Amino acid sequence: MTSMTDPREAAAPLPYETVPDDVAPEEWLAAIEAILMVAEEPVPAVRLAAVLSLPTGQVTEMLHRLAAEYRGEGEAATRPRGFELREAAGGWRIYSHPAHADLVGRFVLDGQTARLTQASLETLAVIAYRQPISRGRIAAIRGVNVDGVVRTLQARGLIEDVEPESAGGERAARYRTTTSFLERLGLSSLDDLPPLAPYLPDGLDDDEELT
């Protein structure tokens, strides 16, 4: 009987022990940079390790080495860089340096008309801090109809539907922020959202403001 090979096994990366010994560490760093330059979203270290056929721990160390180098630290550091390597949304990605945010923003937004409106930003903030939350609850907090705004945020990939909840005998969709939301803000998780308390009037806490 002819044995059949699982196509998933055939496509699996080689174990790192089979990687040639003469590959210099700098070449692996360059390979990681090449991948990150074309990535459209944060890349987990475990995925990079699978592609490079290296141990995840080793790849993580190289990522931290690159991040330090971009910050101007370590032996390989040269001039200040206009970009940095950060962990965000469960992976690693290269971002423009915050020091140049104004210039980058001017370049990206120059002539752009499809910006988020104030209403969209306010609605997104309510969802971010009170997710998962129904559309009716969002409207009650903001005091206006939010149907169009919610559709816009969904179209931008910033929020998504989650399991519905019972509302007056009917099933109402609830919304939460997406991985893309975390990525665009450069956050690793929702725990990194800034607290609201410093921006609220004296004597008012987060729950009172958004309930």
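The residues of the chain are indexed from 1 along the displayed sequence. Quick caveat, the model's predicted, so the values are computed rather than measured. Note: hydrogens, waters and symmetry copies are ignored here, and every other heavy atom, side chains too, is used.
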*Under the ring pair (Phe, Tyr, Trp, His ring centres under 6.0 Å) test, which residues partner F181, sequence neighbours left out?*
none

*May I ask you to check whether T117 and S120 show a side-chain donor-acceptor distance below 3.5 Å?*
yes

*Establish whether V59 and V46 are linked, either directly or via other cluster members, by ILVMFWY side-chain heavy-atom contacts under 4.5 Å.*
no

Quick one: are [X] and [Y] in side-chain contact, heavy atoms under 4.5 Å?
X    : Y    : result
R86  : Y95  : yes
L36  : L63  : yes
L190 : Q131 : yes
L85  : R71  : no
H64  : W92  : yes
I133 : V126 : yes
R135 : Y175 : yes

Pairing residues for [X] by the side-chain hydrogen bond (donor to acceptor under 3.5 Å, both in side chains) criterion, not counting sequence neighbours:
X    : value
T178 : none
S96  : none
E61  : none

If I take atom [atom1] from residue [X] and atom [atom2] from residue [Y], how far apart are they, to the nearest 0.5 angstrom?
X    : Y    : atom1 : atom2 : answer
L158 : I127 : CG    : CD1   : 9.5 Å
L116 : E122 : CG    : CD    : 12.0 Å
M37  : I35  : CE    : CD1   : 12.0 Å
R174 : D161 : CZ    : CG    : 11.5 Å

*Give a yes or no on whether R142 atom CZ has more than 12 heavy-atom contacts from other residues, nucleotides or ligands under 6.0 Å away.*
yes

Heavy-atom closest contact ([X] atom, [Y] atom, distance):
X    : Y    : value
S180 : G157 : CB-O, 3.5 Å
T179 : A89  : CG2-CB, 3.5 Å
A119 : V149 : O-CG1, 3.9 Å
S188 : D192 : N-OD2, 3.1 Å
L193 : A128 : CD1-O, 3.8 Å
A31  : L52  : CB-CD2, 4.0 Å

*Listed by chain and number, what are the side-chain contact (heavy atoms from CB on, under 4.5 Å) partners of A140, not counting sequence neighbours?*
R137

_Non-neighbouring partners of N145 that pass side-chain contact (heavy atoms from CB on, under 4.5 Å), sequence neighbours left out_ = D147

*Does R81 make a cation-pi contact with Y70, if we ask for NZ or CZ under 6.0 Å from the ring centre and within 45° of the axis?*
no

*Would you check if the side chain of T152 reaches a backbone N or O of G148 as a donor-acceptor pair within less than 3.5 Å?*
yes

*Any donor-acceptor N/O pair, E84 side chain to I94 backbone, under 3.5 Å*: no

*Check ion pair E160-R176 (N to O, under 4.0 angstrom)*: yes

